Amino acid sequence: MRLHKIFFLFVFQIVMLIVRADEGMWLPQLLEQLNEKKMKAMGMKINARDIYNINKGSLKDAIVSFGGFCTGEVISQQGLILTNHHCGFDAIQNHTTLERNYIRDGFWAKTHAEELPNPGLFVTFIIRIEDVTKQVLKDVTGSMTEKERQSIIEKNSAACKMAVKKESYQNCFIRSFFEGNRYYLFVTEQYNDIRLVGAPPGSIGNFGKDSDNWMWPRHTGDFSLFRIYAGKDNKPANYSPDNVPYVPKKSLSISLAGVKEGDFTMVLGFPGRTTQYLPAAAVEQIVHVNDPVKIAIRDRVLSIIDQYMRKDEQIKIQYASKYAGISNAWKKWKGEVMGLTSTNAVQKKKQYEAEFLKRVRAHGVWNEQYGHLLEQLEKQYHEWEYYSYARDVFNETISRIEIFTMAAQYHSLVTAYEQNGQKGYEAKLPEVKIRIDELLKEWNLQVDRSLFHSLISFLRMDRRMEFLQPVWTRFSANDTSMVTLDQLVYGVPVLSDTVLAKNNGFVSADGKTAIEAIKKDSVYQLYLSLIQTYSRVIVPSFTEYQGVINRLQRMYMEAQMEVMKDKVFYPDANNTFRVTYGKVKGYHPRDGVEYGFYTCLDGVMEKYKPGDYEFDVSPKLQELYRKKDYGVYGVKGKLPVCFIAMNHTTGGNSGSPALDANGNLIGLNFDRVWEGTMSDIYYDPSICRNVMADIRYILFVIDKLANAGHLIKEMRLIPNK
Ligand code: ARG
Ligand code: ASP
């Protein structure tokens with residue numbers, strides 16, 4: 001009896017390791033084959049073909065990659081797009097001044113003419129996905145070096161792209177999946193005239209700011225609205241006042257019915273990057289080495305920027321977007337370390353590896369092919385550790401000192417001149433000027449100077465960064481204080497001086513004069529010396545190990561798919577279109593704590609702190625709350641705000657639609673819960689949840705708060721019976 005029980009437990013554990021419900025970011029073109037049955041069993045009422053169909057309009061035709069970093073969805077036949085407030089934030093910030101503060105007050109275009117263009121912003125539709133693995137891997141053999149392999153793949157890919165059937169206004173690209181074991185080609189359409197239509201005030205769109213970011217319970221109305229404009233022929237066109245609202249192949253219907261616990265949901269979008277198939281050794285490194293040092297550096301950065309932002313309204317606007325970005329990853333990494341630790345991810349990966357090895361050992365051919373894979377991977381990761389640490393530290397510090405970012409721009413001029421003389425210089429110059437102006441708009445000398453002090457001190461104190469010592473010796477002699485370096489960079493050097501004077505006169509029309517001046521500049525020299533030293537000492541080994549690791553990871557992936565036949569694999573996120581599904585569900589993060597699956601406006605009022613920069617609530621929203629004036633969006637005197645479910649999402653899924661069993665829009669994905677941010681590396685169904693704004697809250701804000709009923713009229717609402 002006992003033995004039976006133990007055996008059962010053992011088998012159960014292995015099965016749990018292999019099939020974890022809800023996990024996975026699935027390829028739309030394979031849904032029918034791999035997922036449809038399970039999705040229907042979980043409650044889905046539509047077919048896989050309603051999601052992805054290349055012969056007629058399907059749900060995928062309503063979903064766009066928003067600017068390449070987020071997701072958006074078409075919600076009207078006039079090209080209206082819904083995405084997150086934090087995805088549209090750059091656009092909102094660009095139109096914001098001290099007088100017209102759209103970040104603080106929100107923005108609503110009353111007519112099409114008032115919608116605001118955003119140069120550089122684009123959205124991309126996926127027209128079709130094709131498996132081109134055979135063509136891309138033609139003539140590739142196992143005995144090739146990575147370089148040989150790469151060059152054949154590039155050649156084959158180019159041929160594939162040449163051969164593909166597409167319209168002149170369409171694009172195509174090929175991406176690698178399963179660590180280079182499969183290749184898919186995407187035919188896409190990109191629209192470049194994207195205008196801002198509406199954004200709620202920051203106190204709604206970013207309610208709770210960084211304190212609430214990555215947290216549940218959540219009360220943020222994290223949405224904004226844009227519109228796609230097309231040429232008169234409805235085809236992609238660059239910005240023109242003559243462009244017209246785009247008429248989509250498909251737009252989403254919106255359901256007001258809301259969700260119950262256990263309901264089926266799915267999220268369609270463009271997840272950015274995950275690493276689900278790392279060996280335990282690599283996960284251990286993330287937990288103990290890389291994440292901690294990146295967190296420590298950002299601790300410094302954030303506390304410095306925060307000090308200045310609190311004191312100065314101008315700096316607050318300038319640094320808002322930057323600060324949010326830096327803080328976002330910082331907090332995510334903290335959650336990641338916590339989640340990987342609390343779920344024993346390393347231990348569980350080891351168990352999985354043991355099972356993999358056991359099966360490999362029991363099989364002659366596998367044993368020969370894969371018997372040493374894990375061992376080798378582990379060894380490579382260990383040897384790589386120093387270089388990967390140095391790289392993280394170097395990037396995290398140097399990229400935060402923006403006087404260096406500007407120096408990098410000047411460096412690109414030097415390179416252009418050295419490669420192509422005056423002609424190359426002239427070609428590069430306009431781009432550099434634009435970039436420097438952009439940088440300066442969101443730059444403050446004192447903030448940069450403080451960051452420089454703190455981060456350079458960090459580099460100088462870190463034993464593992466000692467390889468930079470020759471740089472410090474060269475530029476500050478034996479001065480161990482920061483005085484010499486500070487004077488060198490922020491005293492009266494040419495670079496920062498002219499940058500500050502904002503005349504860019506430094507960059508004269510004559511390449512020769514300009515390059516001579518740049519090369520004499522002390523900031524430029526310091527920057528170059530840092531980059532060159534790093535490139536000499538760290539980069540070569542880093543790249544070499546990376547190559548070996550890539551190769552081993554590719555083999556390990558192939559091996560897992562062959563050996564662990566009982567598991568259905570999904571490829572790591574790589575910024576391509578995916579479908580994830582899971583049920584609405586609360587969670588139990590730690591002893592004695594149980595979280596419900598949704599929040600209401602009452603919770604906003606509970607968090608309300610008058611005048612606070614994170615938790616203020618506008619008088620208008622308070623009034624609507626007092627009167628319970630929720631229109632058709634409320635339920636029995638309550639207004640739903642956010643909910644969570646078990647969809648497996650990651651960065652890039654922000655702005656993704658949450659759809660119900662019928663494929664109707666019920667929410668807008670914008671985050672995950674803190675305990676579960678390790679889902680990029682290890683998904684655990686007990687604590688991994690995605691966070692969505694309830695569509696009824698979004699519609700309420702548009703309708704009741706912004707009085708933008710004309711936008712609601714554009715949409716297709718399914719009334720709540
Ligand atoms: N954590 C979410 C995501 O990774 C939302 C970030 C935006 N919000 C913020 N307060 N920074 O992007
Ligand atoms: N907030 C993320 C995004 O911007 C989504 C996530 O990481 O869950 O894409």
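In each ligand, atom 1 is the first atom listed, and ligand 1 is the first ligand listed. We number each residue from 1, following the sequence as shown. None of the values given here were measured: they were computed from a predicted structure.
Considering backbone and side-chain atoms alike, Gly651 places an N or O below 3.5 Å from some N or O of ligand 2. Taking only nitrogen or oxygen atoms, main chain and side chain alike, His86 reaches within less than 3.5 Å of ligand 2. Of the polar atoms of Asn328, at least one N or O is found under 3.5 Å from an N or O of ligand 1, judged by distance alone. At a 3.5 angstrom cut-off on N or O pairs, Arg672 counts as close to ligand 2.
In this model, no donor atom of one side chain and acceptor atom of the other lie less than 3.5 Å apart for Asp616 and Ser203.
Within the listing of ligand 1, atoms 10 (N) sit less than 4.0 angstrom from a heavy atom of Lys209. Counting atoms of ligand 2 from 1 in the listed order, those under 4.0 Å from a heavy atom of Ser654 are 1 (N), 2 (C), 3 (C), 4 (O), 5 (C), 9 (O). Taking every heavy atom of Phe670 and a limit of under 4.0 angstrom, the matching atoms of ligand 1 come to 2 (C), 5 (C). Below 4.0 Å from some heavy atom of Asp210 lie the following atoms of ligand 1, by number and element: 10 (N), 11 (N). In the vicinity of Asn206, heavy-atom distances shorter than 4.0 Å reach the ligand 1 atoms 10 (N). Within the listing of ligand 1, atoms 11 (N) sit less than 4.0 angstrom from a heavy atom of Ala324.
At a threshold of 4.0 Å, the pair Glu438-Arg435 counts as salt-bridged, since one of the basic side-chain nitrogens sits closer than that to a carboxylate oxygen.
The ring of Phe122 has its center no closer than 6.0 angstrom to the ring center of Tyr191. Residues Phe577 and Phe270 bring their aromatic ring centres within 6.0 Å. In summary, the aromatic rings of Phe597 and Phe643 are positioned with their centroids too far apart to meet the 6.0 Å limit.
Here Asp222 has no heavy atoms under 4.0 Å from ligand 1, in either its backbone or its side chain. Counting heavy atoms under 4.0 Å from ligand 1, residue Lys332 does not touch it at all. The proximity of Asn669 to ligand 2, defined as any non-hydrogen pair under 4.0 Å, does not occur for either the backbone or the side chain. Counting heavy atoms closer than 4.0 Å to ligand 2, residue Asn653 contributes backbone atoms (N, CA, C, O) but none from C-beta onward.
In this structure, Trp214 is part of the shell of residues with a heavy atom less than 4.0 angstrom from ligand 2.
At the shortest separation from atom 9 (O) of ligand 2 among protein heavy atoms lies Gly652 N, 2.6 Å. Summary of contacts: the protein heavy atom closest to atom 8 (N) of ligand 1 is Asn213 OD1, 3.8 Å. Here the protein heavy atom with the shortest distance to atom 7 (C) of ligand 1 is His86 CG, 3.4 Å. Looking only at protein heavy atoms, the nearest one to atom 2 (C) of ligand 1 is Asp671 OD1, 3.1 Å.
Scanning both residues, Leu278 and Gln553, for their nearest heavy atoms gives CD2-OE1, 3.8 Å. Of all non-hydrogen atoms in Ser399 and Thr405, the two that sit nearest each other are O-OG1, 4.0 Å.
The environment of CZ in Arg100 is crowded: more than 12 heavy-atom neighbours from other residues, nucleotides or ligands sit within 6.0 Å.
Relative to the six-membered ring of Tyr308, Lys311 meets both conditions, a distance below 6.0 Å and an angle of at most 45° to the axis. A cation-pi arrangement is present between Lys294 and Trp333 under the rule of less than 6.0 angstrom and at most 45 degrees off the ring axis. In this structure, Lys349 fails the cation-pi test against Tyr352, since its NZ or CZ atom is not both closer than 6.0 Å to the six-membered ring centre and inside 45 degrees of the ring normal.
For the pair Thr71 and Val267, the minimum side-chain heavy-atom distance is 4.5 Å or more.
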